[in-house]
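Position 1 is the first residue of the sequence; numbering continues from there.
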Amino acid sequence: ADVLPALPVFDVADGEDEYYSAVRSVLLTALVLLATHIGALVYTRRSTPDDEGRDSVSVLLCALTHGLTWARAALLLFVLGGQLETPPRAAGMASFVCQWLITPFAYLYHEAVGVGYAWGASGVASRAAEAAAVLALLAVLLRGMLSLPSALSPAAYAAGGRPAGV
């Protein structure tokens, strides 16, 4: 009698096809990201006036955001054209992070006056500290505004006037 079950037969060609498809996807994504970032950086540098390097960090962050957004749109075109099966998740997550964290940080950094010197920072670091502190305060404000409707819902009153989880 057979003590061990029969070993499954793997088709090596299928594994190679998946491997080359993944490599093609990664290389295409990297090339699209690089090309769109360079294009966005050139576009952003030419469309904004030179401010003696004062805003170079915010311009670089905006170019990064524009590049990732353009790359995500280009990858979607590649998916619709059949060159890619699915867009990489990393590109989607990077675009999401840029949209909700880096773009607001770049705007706040551009508007910062350098109040962060009270923490011992100076120059770029003080502006970055101020922008990060304001961004954190905005996140707390947004969290409070989003939890307010759930606290005022009829279900909260049925639970004794307290929101769920409190």
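Connection of Val79 to Leu28 is established within a shared hydrophobic cluster, with ILVMFWY side chains joined at heavy-atom distances below 4.5 Å, either directly or through further cluster members. Linking ILVMFWY residues whenever their side-chain heavy atoms come closer than 4.5 Å, directly or via other members, places Val134 and Val124 in the same cluster. Cluster membership check: Val140 does not share its hydrophobic cluster with Leu148, using side-chain heavy-atom separations under 4.5 Å among Ile, Leu, Val, Met, Phe, Trp and Tyr. Hydrophobic clustering (side-chain heavy atoms under 4.5 Å, transitive across Ile, Leu, Val, Met, Phe, Trp, Tyr) groups Ile102 together with Leu138. Hydrophobic clustering, with ILVMFWY side chains joined whenever heavy atoms are under 4.5 angstrom apart, keeps Leu60 apart from Leu135.
Interatomic distance, CG of Leu80 versus CG of Leu75, reported as 11.0 Å (0.5 Å rounding). Atom-to-atom distance recorded for Phe78:CZ and Arg24:CZ is 11.5 Å, nearest 0.5 angstrom. Expressed to the nearest 0.5 Å, how far OG1 of Thr36 lies from CG of Leu41 amounts to 11.0 Å. In this structure, Leu142 CG and Ser147 OG are separated by 9.5 Å, a value rounded to the nearest 0.5 Å. Between atom SG of residue Cys62 and atom OH of residue Tyr107 there is a gap of 11.5 Å, rounded to the nearest 0.5 Å.
When all heavy atoms of Arg127 and His110 are compared, the pair lying nearest together is NH2-O, 3.4 Å. Ala63 and Ala40 make their closest contact through O-CB, 3.4 Å (heavy atoms, listed as atom of the first residue, atom of the second, distance). Nearest heavy atom pair, residue Ala106 against residue Ser58, reads O-CB, 3.6 Å.
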Please step through side chain to side chain contact (heavy atoms under 4.5 Å, CB included) for the pair Thr69 and Gln99, ending with a clear verdict.
CA-CA 8 Å; Thr69 304; Gln99 182 179 4; over 6 Å; no

Determine, step by step, whether Thr29 and Leu33 satisfy the side chain to side chain contact (heavy atoms under 4.5 Å, CB included) criterion, reporting the C-alpha distance in whole Å, the side-chain angles of both residues, the deciding distance to 0.1 Å, and the verdict.
CA-CA 6 Å; Thr29 301; Leu33 285 173; 4.0 Å; yes

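The aromatic rings of Trp70 and His66 lie parallel to each other, with less than 30° between the two planes, well short of the 60° mark.
Looking at Tyr109 and Leu61, their side chains never come closer than 4.5 Å, going by heavy atoms from C-beta outward. Contact check for Leu68 versus His37: no side-chain heavy atoms found under the 4.5 Å cut-off.
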